[in-house]
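Since the model is a prediction, treat every value here as computed from it, not as a measurement. Basis for what follows: all heavy atoms, side chains included, without hydrogens, waters or symmetry-related copies. Chain identifiers are assigned alphabetically (A, B, ...) following the order of the sequence lines, protein sequences preceding nucleic acid strands; residue numbering begins at 1 within each chain.
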Amino acid sequence: MLAHEGDGEICRLTLHAPEIARRAAPGQFVQVHPVPVALRPSAPAIDPLLRRPFSLCEIRPEEGEITLIYRVVGRGTRVLSSVPAGAELDLLGPLGRSFPDPRAGRGLLVLVGGGLGIPPMAAAARWAAQARRDAVAILGARTARYLAGAREVAASGMPVVTVTDDGSAGQQGIVTEPLDRMLRHGAAAAAGRPGAANPVGEVWACGPEPMLAAVKELCTAAGVPCFVSVERFMGCGFGACLGCTVPRAGGGYLKTCQDGPVFPAEEVVLGGF
Amino acid sequence: MLAHEGDGEICRLTLHAPEIARRAAPGQFVQVHPVPVALRPSAPAIDPLLRRPFSLCEIRPEEGEITLIYRVVGRGTRVLSSVPAGAELDLLGPLGRSFPDPRAGRGLLVLVGGGLGIPPMAAAARWAAQARRDAVAILGARTARYLAGAREVAASGMPVVTVTDDGSAGQQGIVTEPLDRMLRHGAAAAAGRPGAANPVGEVWACGPEPMLAAVKELCTAAGVPCFVSVERFMGCGFGACLGCTVPRAGGGYLKTCQDGPVFPAEEVVLGGF
Amino acid sequence: MASDQPDLAVQLFGRTFRTPVWAASGCFGYGREFAGVLDLSRVGAICVKGTSIEPWTGNPGIRVVETPGGMLNAIGLQNPGVDHFLTVDWPWLQEQGATVIVNIVGRTVEEYVAVARRLEGTGVAAVELNISCPNVKEGGMAFGTTPGSAAAVTAAVRKATTLPLIVKLSPNVADVVAIARAVEDAGADGLSVINTLQGMSIDIRRGRPHLGNVFGGLSGPAIKPVALRMVWQVAGAVKVPVIGVGGIMSGEDAAEFLMAGASAVQVGTACFIDPRAPLTIAEELARFMGEHGFRNVRALVGAARG
Amino acid sequence: MASDQPDLAVQLFGRTFRTPVWAASGCFGYGREFAGVLDLSRVGAICVKGTSIEPWTGNPGIRVVETPGGMLNAIGLQNPGVDHFLTVDWPWLQEQGATVIVNIVGRTVEEYVAVARRLEGTGVAAVELNISCPNVKEGGMAFGTTPGSAAAVTAAVRKATTLPLIVKLSPNVADVVAIARAVEDAGADGLSVINTLQGMSIDIRRGRPHLGNVFGGLSGPAIKPVALRMVWQVAGAVKVPVIGVGGIMSGEDAAEFLMAGASAVQVGTACFIDPRAPLTIAEELARFMGEHGFRNVRALVGAARG
Ligand SMILES: Cc1cc2nc3c(=O)[nH]c(=O)nc-3n(C[C@H](O)[C@H](O)[C@H](O)COP(=O)(O)OP(=O)(O)OC[C@H]3O[C@@H](n4cnc5c(N)ncnc54)[C@H](O)[C@@H]3O)c2cc1C
Ligand SMILES: Cc1cc2nc3c(=O)[nH]c(=O)nc-3n(C[C@H](O)[C@H](O)[C@H](O)COP(=O)(O)OP(=O)(O)OC[C@H]3O[C@@H](n4cnc5c(N)ncnc54)[C@H](O)[C@@H]3O)c2cc1C
Ligand SMILES: Cc1cc2nc3c(=O)[nH]c(=O)nc-3n(C[C@H](O)[C@H](O)[C@H](O)COP(=O)(O)O)c2cc1C
Ligand SMILES: Cc1cc2nc3c(=O)[nH]c(=O)nc-3n(C[C@H](O)[C@H](O)[C@H](O)COP(=O)(O)O)c2cc1C
Ligand code: FES
Ligand code: FES
């Protein structure tokens, strides 16, 4: 681990993990054990017991570094937040399916990130920018404080629309409002085409499941391909426990950790978490 | 916590604990939870779950400080050893019965410390020195490395006889050998009476239970009052769980944490731990 | 987010308990060790150490050992006997203003009955029958492991006392509901769920069991999911109040048990780590209730059964 | 302190297992997810996911949640069915050189028998009967909770297969020894002890159980003392080998089970945290054995029984 900063609630963890940085694609995640390696010499630590999944926020293969942004919500993240910079952590990854290659899709790409769904959009934004894909981001949170990762998204150079529930940053409102407008009228001022209303060709979304369900509904209505990144409690993170299932459209279950976390929206039934 | 140093196995922990430092007497102990307070905001940490008992090695009421010396033997002490200097720890104490007031006893006082039984003898030695009680210490360990606390005992100014199993410090042998000699022939060169063979009037011992049993036997044979400090697994450390019992001579049980850890040797049946 | 201070009082057995967070038997002695750090009258109720008709010496050898997220104990119900309790501890506890529940133990039905008789008319708040004791007459199995023996001891004590009668169930059974129902039918006014799970631990360096008694009772956070499941099952099957016990370390843990259907909870192992636990946990529970709009305990009880 | 490398091989059911540290059913899938991080042929044995005659979809809603020192799962035995196993997974596992034990599940005795029949002659190392499944015909209780139903399913499968037959016992019983004996008498060649303890957990913020299924199976270090106690009891009561399972996270934990009388162990939850766990733990066990002068596993088995 290289750096660890936080205000006790939102933390930013930069790790030296060359192997992961080299192989990872945006949308993938890592499984982190919050207890440093130094405290787990033979017997693993049990408080917490399991690893915790976090999306890759920044992937820097050149530096061999990755960055995670997380919120302290329970025991695991609290223990993690206390780990001093310089300590060694135990990671598994990169895990799961990434967003699709931005070169493969067509038309304007809209990234939608809600709350802690914003950090993975930073990696996605950088990917889209590198692929010179026309893209715009819509980022939303309860208040300005929870827009963690928005700076990293903006750093990709793409236009960003910000909304907050309380108006403390950007417009007051929720992410589906600007998305709905874009789907109907196209996005003005997207990369490189000022003035022109650029029709949306594809949407990638990450955030709370009700938000994902709403985004999916709008995209389905508009006939626009949509990819959603979902969250589930995870036993293993690599497909062995069958603990992280999401109902598959048409019956049965998919594993979030292995078949996802990024799914074509039409493949999954949302609203269960 | 003020300072924490160690080589990964033997650690020395100095704590700011004015209340404990003011009230404690040598032979008493504290119950330390190895997980720092910062990591136990509402729910207590469970790895480890229980507190760990450690004898007071140095008690400095003026500075409001206490020092503990401990050996890393398992999970609890390993977690404790990783706590950085400056962190806040949660302590209960002082707990249990101390050695008897050195002013009350008569004749030469012999302190016998074996291994991790040496640290409490440092506080005892200082107490005896302050009381101007004629005293001498016999300290033993497997090797020189495990003589932690011997320096602090010597700092009291009393003569110290050191023995190790392998001869890596002091004479080769075990503590009962010099004790036996002293009980038979008196101790030469005890404080203030060079040359005179000073008969032993009282023995205080702390160390592994087989050592305590041997010390007790020698003292009984010699008719010399003996106080032993015993160790037991502890549930609570303050008399509530009945988990730390030692068989009472004459039947029934005594609580190590409340009736001890220091007992008149004749009151307890040793050899059970 | 906090609203006005929620009301922690609970009415059970025709009496008001100041809070629903009680001290569990065997983890609070007879209260004396705790009097220095808390006001005993502020604890919802104190279940004193399992008390028998004659003094019991308890088990030899090592009696407690830590396990992952829990601890094993094999105290062997060491206690000074009910007469000592009545002459020495009870007067003192009354002076402290404590609400006291007496956990009673016996090797035969007659011994249980004898202890209950002695408590009659003393003013203790209730009797709690610990039916995890070895049943001497029926060959050493605990009374609490079959519906028949559990009901028999309950019925006998029921006849011997007018005090509220709580029966504390053993978790070491296949069907806790069958035992709960049998005990309710036999006259219990309430059920404490659960006592410790039977477990063991081996000292691999010495190559022998840690505990002198080989087996011990597992308590602490490790058993919380089992306790909570049994509280959920029992509370759904009986009409009498259920008191949840097992691994409660925080106000949030207590809220889980109340939401599962418990009318009150007991904290055991937590008292060893924080001797103020019954009060700390009650304060945390009040904070949780305030933040989530529960104005009184009744609103919380069974809230997750929806 | 280390002496020459101790011998980890164990002979059971007339065959040699490379180590006594096996992967527990449901925690290692069909091995595929682990092939990238370890050599499957080096794992003592792989107990594959509980496999039924037809594919099972498993439970809706949240399926796993962490608890203190443990986890609850309510997967609902999702599996692709024995035919999928035989056509897709088994050939692949054979290519990897894996030693495979097939954990079988059913809702009726006939379903268990049907799965066992399909495995006949395939060359899998053994069948492991998971008798913690709901017994549809006897009204939803698990087969493993009464000696009679446990013996009945064991006897039926015994008749249907010449493969070594291991029966995996449920810990949710009052008297595990009675069930162990019944199952041994019915023809089991070995016993796995234990499956998960039934538990639950409540999401107090949403005011409802965490798991979609309300109840789940508790695994992980929290249950180790209970598992170890049952291994000790069962190993003292039966002649067939006992395989210890429950909360094993390290070589020292494995040594505890072997010293208690287990002839081998399985690791489940540990595989989620460290996918190399079966090998890591075997290495740690070898180190412990070397340091304490145990030259082979046989010397360790039952060493604490004195
Ligand atoms: C693929 C994926 C990517 C994620 N990326 C991020 C990220 O970049 N930043 C971030 O802050 N959070 C992210 N999360 C959520 C994060 O994993 C949880 O906040 C975290 O596990 C909570 O752990 P805890 O012990 O502090 O909380 P507790 O609530 O105490 O955890 C208890 C258990 O629930 C699980 N859990 C709790 N909340 C969640 C959740 N939302 N999703 C999955 N499991 C949960 C924990 O893993 C643990 O097993 C992601 C989750 C998934 C599945
Ligand atoms: C009154 C008293 C004073 C002590 N003073 C000191 C001291 O000054 N320095 C020092 O290094 N050690 C001292 N000890 C021993 C110390 O408490 C143990 O080494 C420590 O608890 C080990 O914890 P662990 O988690 O690292 O070991 P583990 O072996 O993992 O502990 C498991 C459990 O066993 C208990 N335990 C293990 N060894 C002992 C032991 N020897 N005595 C009591 N309980 C034990 C632990 O407290 C814990 O509950 C003292 C013990 C007692 C009872
Ligand atoms: C050391 C110890 C002694 C106990 N003694 C008794 C007892 O005398 N009577 C009884 O009914 N329960 C006894 N118990 C069980 C507790 O009251 C409680 O049911 C159990 O510990 C689970 O709760 P916990 O996890 O909060 O400790 C004892 C528990 C411990 C740890
Ligand atoms: C997610 C999960 C799935 C499981 N599935 C099965 C199964 O299909 N068949 C079975 O017999 N046991 C199953 N088990 C139980 C384990 O094999 C093992 O008995 C139990 O988890 C205790 O061991 P542990 O503490 O090492 O995990 C499962 C356990 C878990 C955690
Ligand atoms: S988390 Fe285990 S299969 Fe997905
Ligand atoms: S440790 Fe609890 S009574 Fe001594």
I need the [X] [atom1] to [Y] [atom2] distance, nearest 0.5 Å.
| X | Y | atom1 | atom2 | result |
| --- | --- | --- | --- | --- |
| B/Asp90 | C/Ile273 | CG | CD1 | 10.5 Å |
| B/Thr245 | C/Arg63 | OG1 | CZ | 3.0 Å |
| C/Ile75 | B/Cys241 | CD1 | SG | 5.5 Å |

- prompt: Residue by residue, which of residues 251-260 of chain B have a heavy atom closer than 4.5 Å to a heavy atom belonging to chain C?
  reply: B/Gly252, B/Tyr253, B/Lys255, B/Gln258
- request: Write down the atom of C/Cys271, the atom of B/Phe238, and the distance for their closest heavy-atom approach.
  value: O-CZ, 3.4 Å
statement: In terms of heavy-atom contacts, B/Ala240 and C/Cys27 come closest through CB-O, 4.3 Å
Can you tell which part of [X] gets under 4.5 Å to a heavy atom of chain B, answering side chain, backbone, both or neither?
| X | answer |
| --- | --- |
| C/Phe34 | side chain |
| C/Thr269 | side chain |
| C/Pro68 | neither |

Beyond-backbone contact of C/His210 with B/Phe233, side-chain heavy atoms, under 4.5 angstrom: yes
message: Does any part of the side chain of C/Met249, heavy atoms only, come nearer than 4.5 Å to the side chain of B/Leu49, both counted from C-beta?
response: yes
query: Where the side chain of C/Glu66 meets the backbone of B/Pro48, is there a donor-acceptor pair that is under 3.5 Å apart?
result: no
- request: Look only at the side chain of C/Gln78 and the backbone of B/Leu242, and say whether a donor-acceptor pair between them is shorter than 3.5 Å.
  value: no
query: Counting heavy atoms not belonging to B/Glu9, are there more than 12 under 6.0 Å from its CD?
result: yes
- prompt: More than 12 foreign heavy atoms under 6.0 Å from CD of C/Gln94: is that the case here?
  reply: yes
field: Contacting moiety of B/Arg52, where chain C heavy atoms sit under 4.5 Å
entry: side chain
message: Using a 4.5 angstrom heavy-atom cutoff, name the option from B/Cys244, B/Gly76, B/Gly235 with the most pairs to chain C.
response: B/Gly235
query: In terms of heavy-atom pairs under 4.5 Å with chain B, which of C/Thr57, C/Asp274, C/Val64 leads?
result: C/Val64
